[in-house]
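This report refers to the structure that appears directly beneath it.
All figures in this text were calculated on a predicted structure; none of them were measured in a lab. In what follows, chains carry the letters A, B, and so on, assigned in the order in which the sequence lines appear, proteins first and then strands, with residues in each chain numbered from 1.
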Amino acid sequence: MSQLIQVIASGLAIGSIYALIALGIVLLYRTTSILNFAHGEFGLFGTFMAFTFFNSLKLPYPLSFLLSLLAAALLGGIISILLVKPARASFNIGLAILLAALAYGLGVNLIISAAIGIAIAVVSYIFLEQPNRNPSELGLLILTLGVNLFLQGFYSLSFGSDNKILPSIVSNTSIKFAGASVSLGSIFTSLMGLVIMLLLWLLLNHSKIGLAMRALAQREDVAKAMGIPVRLVSFATWATSAALAGAAALLLAPSTLLSPSLLLDPVSKGFVAAVIGGMNSLPGAIVGGYILGLLELFVGVYISNELKASLAFIIVILVLILKPHGLLGKPEIKRV
Amino acid sequence: MNILELNAVESGYHKRLNVLKAVSLKVEQGQCVAILGSNGAGKSTLLKTIMGLIDDEPRKGEIIAFGKAIQNKSTEEIARSGIAYVVEGRGMFPELTVFESLQLGAFHRKDKAGIKNDLDKIYEVFPRLAERPKQLCGTMSGGEQQMLAIARAMMSAPKLMMLDEPSLGLAPLLVQDIFQTIKSINSSGTGVLLVEQNATQALKIADYGYVLESGRIVLEGTAQELRENENVRELYLGVSEAKTDKRIFVKRQRRWN
Ligand SMILES: Nc1ncnc2c1ncn2[C@@H]1O[C@H](COP(=O)(O)OP(=O)(O)OP(=O)(O)O)[C@@H](O)[C@H]1O
Ligand SMILES: [Mg+2]
């Protein structure tokens with residue numbers, strides 16, 4: 001019994017993190033039809049900013065937490081501008097920084113590495129084919145990969161590889177509950193998850209910009225023809241999505257070490273949760289996140305820890321066989 | 001004064017496909033102008049081009065709305081300048097409620113009192129909408145959706161309303177209703193540009209009309225003139241003159257070019 005309570009508590013906590021990540025992915029996908037491969041990097045940006053605010057600037061941790069959510073949101077918004085206008089710049093810069101970082105990592109002198117990066121940026125800018133003014137959906141997807149490379153390179157360059165730790169807002173203790181000891185951290189994570197979901201619901205359903213986001217997700221042309229400022233809405237959507245990634249990362253961070261690969265596994269689970277939920281359904285993303293989190297814990301504890309790793313993909317395959325559009329997805333909402 | 005003027009506008013899709021060929025037309029203040037044309041003539045393309053919804057179009061010509069050139073403006077700016085656009089097939093947001101859709105119609109307006117006032121008026125015109133502000137648009141009947149599409153456009157308090165085949169898929173009685181509503185919107189001072197295949201109804205409420213064939217304006221005139229034109233009678237009003245054989249049909253089409 002006490003073990004069951006612990007499993008549920010931890011499952012809900014990790015489920016909230018998956019759900020927050022999935023919500024960010026689905027929100028962006030619904031509104032802009034972009035599958036963002038840089039989603040995890042936004043979250044990472046939040047953790048690294050929090051580390052900077054807290055460790056270097058010595059700000060109180062809750063304030064650092066909030067500021068870094070804002071920073072992640074801002075980064076998301078800025079990326080949206082980059083993707084809309086000079087679409088190819090981000091890919092070129094990303095490629096350049098990645099290779100420069102690689103060179104630096106291999107022990108090349110910093111200045112030479114930077115020169116390599118700049119040369120590659122210029123060459124690829126000149127020789128790679130110019131995308132259209134409005135890149136296709138596939139093009140945008142590749143561009144988010146470019147952003148991903150860019151940010152990964154940036155993290156490796158600026159944060160190095162020594163271990164860094166972010167604290168939790170709550171103290172590192174457990175409380176006794178029906179004979180089980182449940183860590184305060186996982187309760188806090190679950191509660192924060194709920195609070196953030198509530199805030200998202202309020203934003204979408206009780207604000208003008210939220211109404212515009214939902215409209216744009218459903219009929220882009222009509223929404224435009226009503227005078228909805230598409231760029232502003234896209235900025236807000238990217239910012240919200242990035243803040244969700246940031247929140248997930250910050251909630252996850254205290255349980256591990258900060259590193260550029262912090263979110264590798266959670267983000268792939270977030271994608272899985274989004275697919276389970278139906279990819280275009282926000283409630284679906286939440287349900288998918290919790291299902292995945294709870295099942296992982298159950299399987300890991302009661303069946304086998306080895307199975308846990310492949311569980312996500314087994315669930316996806318099962319869901320897609322039984323409900324091809326996901327648990328709560330709607331087939332008819334097909335964007336043109 | 002002209003509230004809308006197109007001068008030799010050329011437009012199409014994907015930079016290559018040329019749909020509109022040197023289209024010129026105008027809508028005067030307070031006028032209701034009908035565009036007639038068969039399937040694929042380019043009627044919807046015309047409205048999309050005016051609204052700035054096709055990237056990099058129009059490729060040639062100028063579009064002047066309320067005295068300002070808008071052919072290079074964004075859709076957002078064009079909408080804000082006072083043009084409302086009711087798309088073909090009603091363009092519902094299936095997961096928004098009726099009330100939310102109406103709010104969205106007034107998205108770029110700042111005058112709260114005016115919006116409230118207009119909402120009340122619109123609920124009077126369309127009691128069916130007033131009864132169900134919380135219903136999801138996707139679950140409404142075709143007729144209700146068309147009402148909502150027009151109501152939503154009215155919420156932006158436009159100076160010019162463009163409608164793309166508002167009669168599409170509606171029962172004859174409802175078609176009459178819808179056209180009456182459009183007429184009364186027009187009577188209250190809003191210019192109307194009405195794209196229709198239902199020429200009988202359109203010419204009843206229009207002041208002036210254009211016939212679009214394969215992307216060209218082949219005929220224009222007052223509604224009266226068009227109603228009496230034998231080509232229009234035969235091809236759009238479905239009135240068969242004495243003897244119609246294929247030969248005459250072809251000849252008549254040629255004469256337009
Ligand atoms: N998105 C598009 N891409 C490429 N071609 C298009 C596109 N939309 C329309 N066309 C083509 O442009 C031409 C004009 O189409 P348009 O929709 O303007 O006709 P229409 O007069 O509105 O016809 P209908 O009465 O059937 O609605 C057609 O040949 C059509 O195939
Ligand atoms: Mg059409």
### Task
Show your reasoning for whether side chain to side chain contact (heavy atoms under 4.5 Å, CB included) applies to B/His108 and A/Met226.
CA-CA 8 Å; B/His108 59 73; A/Met226 290 181 151; over 6 Å; no
### Query
Taking it one step at a time, do A/Asp221 and B/Met51 satisfy side chain to side chain contact (heavy atoms under 4.5 Å, CB included)?
CA-CA 10 Å; A/Asp221 56 338; B/Met51 211 60 214; over 6 Å; no
### Message
I need the A/Arg219 CZ to B/Leu104 CG distance, nearest 0.5 Å.
### Response
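That separation rounds to 13.0 Å.
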Part of [X] lying under 4.5 Å from any heavy atom of chain A:
X        : answer
B/Met155 : neither
B/Arg109 : backbone
B/Leu96  : both

### Task
Before accepting this row, confirm whether a basic side-chain N of the pair B/Glu76/A/Arg231 lies closer than 4.0 Å to the acidic partner's carboxylate O.
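No.
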### Task
Examine distances only and state if a side-chain atom of A/Gln218 and a backbone atom of B/Glu95 form a donor-acceptor pair shorter than 3.5 Å.
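Indeed, once roles are kept as given, a pair shorter than 3.5 Å links the two residues.
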Exceeds 12 heavy-atom contacts within 6.0 angstrom, atom [atom1] of [X]:
X       : atom1 : result
B/Phe99 : CZ    : no
B/Lys68 : NZ    : no
B/Lys60 : NZ    : no

### Message
Can you give me the closest heavy-atom contact between B/Phe107 and A/Pro229, atom names plus distance?
### Response
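Taking every non-hydrogen atom into account, CE2-CD, 3.3 Å.
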#### Entry: Where B/Tyr85 and A/Ala225 come nearest, the two heavy atoms and their spacing
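Taking B/Tyr85 first and A/Ala225 second, the nearest heavy atoms are CD2-CB, 3.9 Å.
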### Query
Counting heavy-atom pairs under 4.5 Å to chain B, which of A/Ala212, A/Ala215, A/Ala223 comes out on top?
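The residue among A/Ala212, A/Ala215, A/Ala223 with the greatest pair count is A/Ala215.
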#### Entry: Derivation of the side chain to side chain contact (heavy atoms under 4.5 Å, CB included) call for B/Met92 and A/Val222
CA-CA 8 Å; B/Met92 289 290 108; A/Val222 179; over 6 Å; no
